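Have a look at the structure below before the remarks.
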Amino acid sequence: MSDQEIVRRESLGKLRELGIEPYPAASYPVDTYAADIRINYSPENHPMDDVTLAGRLMSVRVMGKASFAEIQDSSGRMQIYVNRDEICPGEDKTMYNDVFKKLLDIGDFIGVKGRVFLTQTGEVTVHVVSLTLLSKTIHPLPIVKVDADGNAHDAFTDPELRYRQRYVDLVVNPEVRQAFVQRSKMIQVMRDFMVSKGYLEVETPILQPIYGGALAKPFKTHHNTLDMTLYLRIANELYLKRLIVGGFDGVFEFAKNFRNEGMSRFHNPEFTAMELYVAYKDCFWMMDFYEEMIEEVAIALHGSTKFQVGDKEIDFKRPWKRFTMLEAIKEFTGVDITGMDEDQLRKAARELHVPIDETMGKGKLIDEIFGTHAEPKLIQPTFITDYPVEMSPLAKKHRDHEGLVERFEVVCNAKEIANAFTELNDPIDQRQRFEEQLALGKRGDTESMVLDEDFLRSLEYGMPPTAGIGVGIDRLAMIMTNSASIQDVIFFPQMRPEKKIAAE
RNA sequence: GAUCUCGUAGCUCAGUUGGUUAGAGCAUUUGACUUUUAAUCAAAGGGUCAUGGGUUCGAAUCCCAUCGAGAUCACCA
């Protein structure tokens, strides 16, 4: 235990000796937030003579019998003025001299009641009439100080500590809270948008006997009573389509998916995807739908379709640029791969210095060329359409072009932020596609799909023509909040266990 | 999984070519100041230099291994 922790435990005892409970049980009648005061207070037009607010004590400047301090609530900080003879009207000055000056620490939760005034320097301040300790902190909070020039001192910046102790990060770094508030708002706008169209928010299994709906490696677990292997879902696509079979016109789910793959600033083992399926629509309808929804998100968060992300300005104003995949490859490499067979593609990929291996089929080769040369250059939101059939086993064959499917992805800031198809509803074609995937699996591709007989049976009962889309919520949140790492938009990103705590 | 970088006080960081007892600011404690402040002044306490081994008369510093983190790459959303 550090010195500071020992001192705080001692303070705790002294408070109890003075008859002050450091962890009182009663509700505290908060009626005002710091931001309310900052926004609404005006000495002439809107005096605030009786406010009660609560929060953490974040700084204290003692000057004899008068002190200035700051308390931080969920809306921000507010300066308070504490005068000895006002909080201690009688002879006993213990409350000020001992409790306030010595036994309170930065980080403690306190409640104050008082009147708002302007100091000589013009700062809005609460003149405290009574002060209540609400919860004592015994672990020192790292204090970020900002000097007169706006420079931060002692910022709490170590990424490991920030993610492991997110609660501390949230207390001392206000912009962190902001990113999460925006993330939540983004999801809310999307949800409202879809609900307003009449679509139903649903929940589907996370524990699945057969994983499907995406190309990825799953987490495996075991159910004891059933004595069977279950997989944590990698996607919810096949379940949502079963619901379309069942007669819903539109269903969506914000789903936690789990993929047992590498971690990076773009990948967390568990992540959130939103998938939406709408009956009697196709992927071209979905393009318009998505564009409109995301434009609305941008406006809700930034008041504009245009905002800064890293060193780029991104504009979500409709309409977005649309490329077929082959057009995009031609645009950024100068090579037209239209009509090439597998060997020709392999040769073209080598010439373009695209990393490839022998397990790759025609679809993966095209995808690699696109991923290496086109995707990194797509900063503004862009639709990429017409994917090869080999890499899209759940998408309907293109109505006009042999070998392609009706599919689009949206690429923005060099990352995919949506993936959509006109869904394959021909049960015989779907069975063949699964079988091709099985063949790829035998060839050594560890991410090929497995055959889901129950899903095929549902298609055999008949699924209406359907458009479906999947949206990477974390990726989209990174762009919308201008975050460089996925860990900045996930409260508790996955990390290795903390050695010290595990040992205790 | 590969490569590179990093790990020093509660927090942010110095620490020279390997050389006395490892430093600073903030935070903490004590004292001063009894005041409408924007890091008030003074003093003090605080360290398994990530962990373990090695080289050396001597290691925070050089070498090896391990643990943890970050960046880039691979896989992927």
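Given the structure is predicted, the values throughout are model-derived calculations rather than measurements. Letters A, B, ... mirror the listed sequences (proteins, then strands); counts begin at 1.
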**Message:** Show every salt bridge (Lys or Arg N to Asp or Glu O under 4.0 Å) that has at least one partner inside residues 368-377 of chain A, sequence neighbours left out.
**Reply:** none
**Request:** Sticking with atom C1', work out how far B:rU30 lies from B:rC67, rounded to a whole angstrom.
**Result:** 40 Å
**Message:** Between A:Arg259 and A:Ala484, which residue's closest nucleotide on RNA chain B lies nearer the 5′ terminus?
**Reply:** A:Ala484
**Item:** For A:Tyr163, all residues meeting side-chain hydrogen bond (donor to acceptor under 3.5 Å, both in side chains), sequence neighbours excluded
**Value:** A:Asp488
**Asked** When we call it a touch if two heavy atoms are under 4.0 Å apart, what does A:Glu368 touch: a base, just sugar-phosphate, or nothing?
**Response** sugar-phosphate
**Request:** Counting heavy atoms from C-beta on, name the nucleotide in B:rG70, B:rU37, B:rU36 closest to the side chain of A:Met63.
**Result:** B:rU37
**Prompt:** Which whole-number value in Å describes the distance from A:Phe266 CZ to B:rU72 C1'?
**Reply:** 12 Å
**Item:** Shortest side-chain distance from A:Arg265, nucleotide among B:rA71, B:rA38, B:rG68
**Value:** B:rA71
**Prompt:** For RNA chain B, what dot-bracket results from Watson-Crick or G-U pairs at under 3.5 Å, with [ ] for crossers and | for inter-strand partners?
**Reply:** (((((((..((((.....[...)))).(((((.......))))).....(((((..]....))))))))))))....
**Message:** Give me the distance, rounded to whole Å, that separates B:rG19 from B:rU12 when you measure between the P atoms they each carry.
**Reply:** 27 Å
**Request:** Look at the side-chain N and O atoms of A:Arg162 and state whether any lies under 4.0 Å from the OP1 or OP2 oxygen of B:rA69.
**Result:** no
**Asked** If you measure from the C1' atom in B:rA27 to the same atom in B:rC11, how many Å do you get, rounded?
**Response** 7 Å
**Message:** Can a donor-acceptor pair be found, under 3.5 Å and without considering hydrogens, that links the side chain of A:Glu261 to the backbone of A:Lys217?
**Reply:** yes
**Between B:rC75 (P) and A:Asn260 (CG): distance, integer Å** = 17 Å
**Asked** Counting side-chain heavy atoms from C-beta on, which of B:rA27, B:rU37, B:rU72 comes nearest to A:Gln4?
**Response** B:rA27
**Asked** Between B:rU37, B:rU12, B:rG70, which nucleotide has the shortest distance from any of its atoms to the side chain of A:Phe68?
**Response** B:rU37
**Prompt:** Is there a donor and acceptor pair, one atom on the side chain of A:Gln79 and one on the base of B:rU37, closer than 3.5 Å?
**Reply:** yes
**Rounded interatomic separation in angstrom, taking CD from A:Glu261 and P from B:rC75** = 11 Å
**Asked** Closer than 4.0 Å, any side-chain N/O of A:Arg496 to the OP1 or OP2 of B:rC67?
**Response** no
**Message:** From CD of A:Glu123 over to P of B:rU37, roughly how many Å is that when rounded to an integer?
**Reply:** 11 Å
**Message:** I need the NZ-P distance between A:Lys102 and B:rU30, as an integer number of Å.
**Reply:** 6 Å
**Prompt:** What distance, rounded to whole Å, do you find between the two C1' atoms, one in B:rC73 and one in B:rC62?
**Reply:** 30 Å
**Request:** In whole angstrom, give me the gap between the P atoms of B:rA60 and B:rG18.
**Result:** 13 Å
**Asked** Could you state the NE2-C1' distance from A:His353 to B:rC73, rounded to the nearest angstrom?
**Response** 17 Å
**Asked** If we ignore angles and hydrogens, is there a donor and acceptor under 3.5 Å between the side chains of A:Ser59 and A:Arg77?
**Response** no
**Prompt:** Are the side chains of A:Leu352 and A:Thr372 in touch, meaning some heavy atoms are under 4.5 Å apart?
**Reply:** no
**Request:** State whether the side chain of A:Glu291 and the backbone N or O of A:Trp320 hold a donor-acceptor pair below 3.5 Å, judged by distance alone.
**Result:** yes
**Request:** Using atom CD of A:Gln494 as one end and atom P of B:rG70 as the other, report the distance to the nearest whole Å.
**Result:** 12 Å
**Request:** Find which nucleotide of RNA chain B each of A:His139 and A:Gln487 is nearest to by heavy atoms, and output the residue with the more 5' nucleotide.
**Result:** A:His139
**Prompt:** When the C1' atoms of B:rC57 and B:rU20 are considered, how many whole Å apart are they?
**Reply:** 15 Å
**Request:** Evaluate the salt bridge (charged side-chain N to carboxylate O under 4.0 Å, His left out) criterion for residues A:Asp85 and A:Lys93: first the C-alpha distance (whole Å), next the side-chain angles of each, then the deciding distance (0.1 Å), finally the verdict.
**Result:** CA-CA 8 Å; A:Asp85 297 322; A:Lys93 305 298 183 190; 2.9 Å; yes
**Request:** Would you classify A:Asp474 as touching base, sugar-phosphate or nothing, given that sugar-phosphate means primed atoms plus P, OP1 and OP2, and contacts are heavy atoms under 4.0 Å?
**Result:** nothing
**Prompt:** For A:Phe156 and B:rC11, are the ring centres under 5.5 Å apart with planes inclined under 30°?
**Reply:** no
**Message:** Suppose you measure atom P in B:rU61 against the same atom in B:rU8; what distance do you get, rounded to whole Å?
**Reply:** 13 Å
**Request:** Would you indicate what A:Phe258 reaches in the nucleic acid, counting non-hydrogen atoms under 4.0 angstrom: base, sugar-phosphate, or nothing?
**Result:** nothing
**Request:** Would you indicate which nucleotide in B:rU12, B:rU37, B:rU28 comes nearest to any side-chain atom of A:Ile106?
**Result:** B:rU28
**Request:** Check whether any side-chain N or O of A:Arg61 sits under 3.5 Å from a backbone N or O of A:Phe68 as a donor-acceptor pair, and report yes or no.
**Result:** no
**Request:** Look at A:Arg164 and B:rA69 and indicate whether a side-chain polar atom (N or O) is within less than 4.0 Å of OP1 or OP2.
**Result:** yes
**Request:** Provide, to the nearest angstrom, the distance between the CD atom belonging to A:Glu70 and the P atom belonging to B:rU36.
**Result:** 18 Å
**Asked** What integer number of Å spans the C1' atoms of B:rG10 and B:rU29?
**Response** 14 Å
**Message:** Working note: A:Thr137 + A:Arg56, criterion side chain to side chain donor-acceptor pair (under 3.5 Å); need CA distance, chi angles, decisive distance, verdict.
**Reply:** CA-CA 9 Å; A:Thr137 169; A:Arg56 279 187 197 269; 5.0 Å; no
**Asked** B:rA74, B:rU37, B:rU29: which one has an atom nearest the side-chain heavy atoms of A:Ser264?
**Response** B:rA74
**Prompt:** Under 6.0 Å between ring centres, would you say that holds for A:Phe316 and A:Phe307?
**Reply:** yes
